[in-house]
Amino acid sequence: MSELRLYNTLSRTVEPFRPAVPGQVRMYVCGMTVYDYCHIGHARAMITFDVVARWLRERGLDLTYVRNHTDVDDKIIQRAAELGEDPLALSQRFVRALDEDLARLGLVEPDIAPKVSEHIPSILAMVQALVDRGHAYEADGDVYFAVESFDRYGQLSGKRIDDLRAGERIAVDARKRHPGDFALWKAAKQGEVSWDSPWGPGRPGWHIECSAMATQHLGDTFDIHGGGIDLVFPHHENEIAQAECATGHGPFARYWMHNGHLTLVDETGEPVKMSKSLGNVIRIRDLADQVPAEAIRILYLDSHYRRPLPFGPTKLQDALMAAERVHLARQVLEGVLASSPSLGSPEADAAAAAGIAATLAGDTAELYELARTFPERFGEAMDDDINTALALAHLFDLVRVTNRFGNDKKAGKRAGPVARIALDAFDLAGRVLGVGGRDSASFFVELTDKLLARQGLSRAEVQARVDQRQEARGARDWARADQLRDELDALGVVLMDGTGGTTWRMRVA
RNA sequence: GGCGACGUACCCAAGUGGUCAAGGGGCGGGUUUGCAAAACCUGUACUCACCGGUUCGAAUCCGGUCGUCGCCUCCA
């Protein structure tokens with residue numbers, strides 16, 4: 001087995017990943033500030049670390065996965081005021097929406113999903129520790145972190161304190177000792193949600209909650225801290241400063257992983273801003289209404305997580321066709337297995353498969369060999385800084401050989417054990433990437449339902465027309481049959497005449 | 001102004017010193033099919049933005065040019 005290597009923003013290199021406690025991994029990922037529905041940009045981070053978590057577990061590591069909800073924040077308060085809603089009620093509402101959306105994308109749930117509002121005591125304790133240790137100071141009920149008190153400030157982002165252009169884009173607060181100082185605790189304005197503190201009623205600053213929640217749940221030092229590339233500065237930089245100064249030692253997190261941003265592009269590939277004012281924000285729930293999760297996951301996983309990801313009009317379509325291709329192949333294997341059952345135990349199947357492959361040779365032997373060695377190639381790709389695009393490419397290699405195997409009529413009746421081995425490979429991809437593991441029937445039911453809904457058609461309508469055409473075909477009335485097929489085609493229905501009858505599916509494009 | 005990332009075929013995209021430059025989509029040809037669809041086979045980059053350099057050898061390393069994007073302010 002290859003060695004897992006991860007890019008560490010701290011060192012700006014790909015490093016061998018060695019958890020602090022062998023066999024155990026503690027990972028914290030910055031979740032969302034919950035004041036609106038999550039969009040395709042957020043999903044990149046969520047899916048990236050979902051796959052990281054899945055791969056760590058697949059490798060047998062005992063993972064504790066924490067992903068927070070920031071439910072107390074300026075933007076939440078502002079939005080709540082606009083809507084005349086209680087801030088915590090509003091954030092609670094969007095936490096639920098987020099959970100729904102992520103579940104629809106097939107994300108594994110974090111072990112712990114801490115909320116700021118439920119961690120005020122540990123946040124206050126950390127702020128107090130920072131004040132006690134001389135890293136923070138109070139001013140009019142606010143408490144600020146003094147960046148000059150931490151000599152490694154800027155290490156993660158590669159910035160130097162002196163380079164931070166004070167006042168360049170935001171007015172300098174005269175109460176700060178250094179323009180880079182940031183709020184740990186903000187005094188409450190009239191009527192704002194607040195908690196009591198030694199500095200008067202207030203609420204946490206933006207960065208402190210992650211330091212406090214991460215150390216509370218994972219300890220002073222943990223293995224992986226993840227988030228979007230935009231969080232490197234100032235959020236993660238500040239998290240490090242707060243945590244390491246409060247605990248008195250580092251490192252806070254040993255490996256820092258950051259996903260690249262998704263950018264919207266138009267038909268010509270030119271970048272377009274995604275913003276509410278332009279009305280082009282694409283929400284996860286809207287995407288999930290249109291296509292199965294597998295397609296969305298392929299869309300993201302088909303490029304490396306650190307690269308920028310241009311999201312254009314054809315992307316979803318391409319990914320959907322790829323997802324369909326995977327499941328058409330899986331369907332072939334399920335079909336073979338149905339007529340030539342597995343022997344029941346993995347060992348028996350493995351032994352039988354080897355024998356059958358040797359006897360039948362050709363495409364059967366090739367599939368056997370490719371499927372047998374699949375975990376190795378797949379694992380190497382994943383170990384190489386989570387190269388999901390390469391891992392998917394390996395899956396598609398398997399898809400092609402599977403289809404070739406499926407075309408080989410003489411193999412079908414005896415090749416159950418070989419199909420079983422190949423399905424194991426699909427299942428591996430399913431466990432790690434969330435692509436290819438689901439039984440094809442349920443995939444196609446979901447896909448068809450979603451595409452029918454887009455066309456405003458019902459299953460019964462389509463089936464009735466398909467039956468009519470079958471009658472015509474039975475009577476060898478080809479003209480009539482072709483006419484009916486053309487009509488169905490115009491509705492987006494594709495027919496497949498097979499030996500066992502005609503099946504239909506909705507055209508993806 | 002500072003820091004950083006990226007530029008691979010018609011589109012998306014892996015590859016970061018050495019066998020034919022993965023994979024997906026598209027397009028052309030073929031097999032199969034009543035005809036199709038799906039599938040398979042096959043053709044689609046003698047070349048990796050451009051210009052120099054290092055090297056026996058570079059898409060991969062170094063320097064420069066052009067272009068795009070991000071962060072430095074809330075942001076996944």
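Here is the naming used below: chain letters follow the sequence lines, and residue numbers restart at 1 for every chain. Atom set for the values below is all heavy atoms of this structure, side chains included, hydrogens, waters and symmetry mates excluded.
Nucleotide B/G7 holds its P atom 14 Å from the CG atom of A/L309, rounded to whole Å. Between the CG atom of A/N403 and the C1' atom of B/U42 there is a distance of 17 Å, rounded to whole Å. Straight-line distance from the CG atom of A/L301 to the P atom of B/C12: 19 Å, rounded to whole Å. Straight-line distance from the NE2 atom of A/H236 to the P atom of B/C3: 22 Å, rounded to whole Å. Computed from coordinates, the A/D385 CG to B/A14 P distance equals 12 Å when rounded to whole Å. With rounding to whole Å, A/D50 atom CG is found 14 Å from B/A76 atom C1'. Summarising the geometry, the separation between CG on A/L102 and P on B/A76 is reported as 13 Å, rounded to the nearest angstrom. Between A/I298 atom CD1 and B/C11 atom P the separation is 22 Å, expressed in whole Å.
The partner of B/G26, taking Watson-Crick or G-U wobble pairs whose two distances both stay under 3.5 Å, is B/U44. Pair assignment for B/U54 gives none, since no Watson-Crick or G-U wobble pairing has each distance under 3.5 Å. In this structure, B/A36 forms no base pair with any nucleotide, since neither Watson-Crick nor G-U wobble geometry is met with both distances under 3.5 Å. With a cut-off of 3.5 Å on both Watson-Crick or G-U wobble distances, the partner of B/G7 is given as B/C66.
Note on A/D101 versus A/R285: salt bridge recorded, some NZ/NE/NH1/NH2 to OD/OE distance being below 4.0 Å. With respect to the salt-bridge test (charged N to carboxylate O, under 4.0 angstrom), the residues A/R306 and A/D385 qualify. Salt-bridge formation is not detected for the pair A/R203/A/D73: no Lys NZ or Arg NE/NH1/NH2 atom is positioned less than 4.0 Å from an Asp or Glu carboxylate oxygen. The pair A/E366-A/R404 meets the salt-bridge criterion, with a side-chain N (NZ, NE, NH1 or NH2) lying under 4.0 Å from an Asp/Glu carboxylate O. At a threshold of 4.0 Å, the pair A/D497-A/R473 counts as salt-bridged, since one of the basic side-chain nitrogens sits closer than that to a carboxylate oxygen. A salt bridge links A/D482 with A/R485: at least one charged nitrogen is closer than 4.0 Å to a carboxylate oxygen.
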Chi angles and distances behind the ring pair (Phe, Tyr, Trp, His ring centres under 6.0 Å) call for A/Y255, A/Y7
CA-CA 8 Å; A/Y255 297 83; A/Y7 181 87; over 10 Å; no

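Each of A/V399 and A/H207 was matched to the nucleotide of RNA chain B holding its nearest heavy atom; the match closer to the 5' end belongs to A/V399. Nearer to the 5' terminus of RNA chain B, by closest-nucleotide assignment, is the contact made by A/P310 (compared with the other of A/P310 and A/G228).
No donor-acceptor contact under 3.5 angstrom links the side chains of A/T48 and A/N259, judged on distance only. With hydrogens and angles left out, the side-chain atoms of A/E239 and A/S211 include no donor and acceptor closer than 3.5 Å.
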Residues 434-442 of chain A, side-chain donor-acceptor partners within the protein, below 3.5 Å, at least two apart:
unit_1	atom_1	unit_2	atom_2	d
A/R438	NE	A/E294	OE2	3.0
A/R438	NH1	A/S442	O	3.4
A/R438	NH1	A/S442	OG	3.1
A/R438	NH1	A/E446	OE1	3.1
A/R438	NH2	A/E294	OE1	3.2
A/R438	NH2	A/E446	OE1	2.6
A/D439	OD2	A/A441	N	3.4
A/D439	OD2	A/S442	N	3.2
A/S440	OG	A/E334	OE1	2.3
A/S442	OG	A/D439	O	3.4

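Every side-chain hydrogen bond (donor to acceptor under 3.5 Å, both in side chains) that A/T70 has, sequence neighbours left out, goes to A/N68, A/E209. Every residue meeting the ring pair (Phe, Tyr, Trp, His ring centres under 6.0 Å) condition with A/H207, not counting sequence neighbours, appears here in chain and number order: A/F182, A/H235.
Atom name P, nucleotides B/G52 and B/U60: the rounded distance is 14 Å, in whole Å. Of the P atoms belonging to B/G24 and B/G43, the separation is 14 Å, rounded to the nearest Å. Here, B/A58 and B/G17 have their P atoms 14 Å apart, quoted to the whole Å. Distance noted for atom C1' between B/U42 and B/U32: 15 Å (whole Å). Distance check on atom C1': B/U55 versus B/G63 gives 16 Å, rounded to whole Å. B/U44 sits 24 Å from B/G15 when the P atoms are compared, rounded to a whole Å.
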Using a 4.0 Å heavy-atom cut-off, write out nucleotides 19-32 of chain B from 5' to 3' as B (base contacted by protein), S (sugar-phosphate only) or - (no contact).
---BBBSS------

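Because its NZ or CZ atom is not both nearer than 6.0 Å to the ring centre of A/Y28 and within 45° of the ring axis, A/R67 does not count as a cation-pi partner of that residue.
In this model, the phosphate group of B/C41 is approached by a side-chain N or O of A/R404 to a distance below 4.0 Å at OP1 or OP2. Put simply, A/N259 has no side-chain N or O that comes within less than 4.0 Å of OP1 or OP2 on B/A76.
A/G41 comes within 4.0 angstrom of a base, heavy atoms only. Within the 4.0 angstrom heavy-atom criterion, only backbone atoms of the sugar-phosphate kind lie near A/G31; the bases stay farther away. Counting any heavy atom pair closer than 4.0 Å across all strands shown, A/L262 reaches a base atom. Counting any heavy atom pair closer than 4.0 Å across all strands shown, A/H304 reaches sugar-phosphate atoms only and no base atom.
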Can you pull every protein N or O that's under 3.5 Å from an N or O on nucleotides 34-37 of chain B?
unit_1	atom_1	unit_2	atom_2	d
B/G34	N7	A/R473	NH2	3.4
B/G34	O6	A/R469	NH2	3.1
B/G34	O6	A/R473	NE	3.2
B/G34	N1	A/D482	OD1	2.9
B/G34	N2	A/D482	OD1	3.2
B/G34	N2	A/D482	OD2	2.6
B/C35	O2	A/R485	NH1	2.9
B/C35	O2	A/R485	NH2	2.3
B/C35	N3	A/R485	NH1	2.8
B/C35	N4	A/D497	OD2	2.9
B/A36	N6	A/D497	O	3.0
B/A36	N1	A/D497	N	2.8

Nucleotide N/O of nucleotides 68-70 of chain B paired with protein N/O under 3.5 Å:
unit_1	atom_1	unit_2	atom_2	d
B/G70	OP1	A/K273	NZ	2.7

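Taking the six-membered ring for Trp and the full ring otherwise, A/Y35 and A/F94 have centroids separated by 6.0 Å or more.
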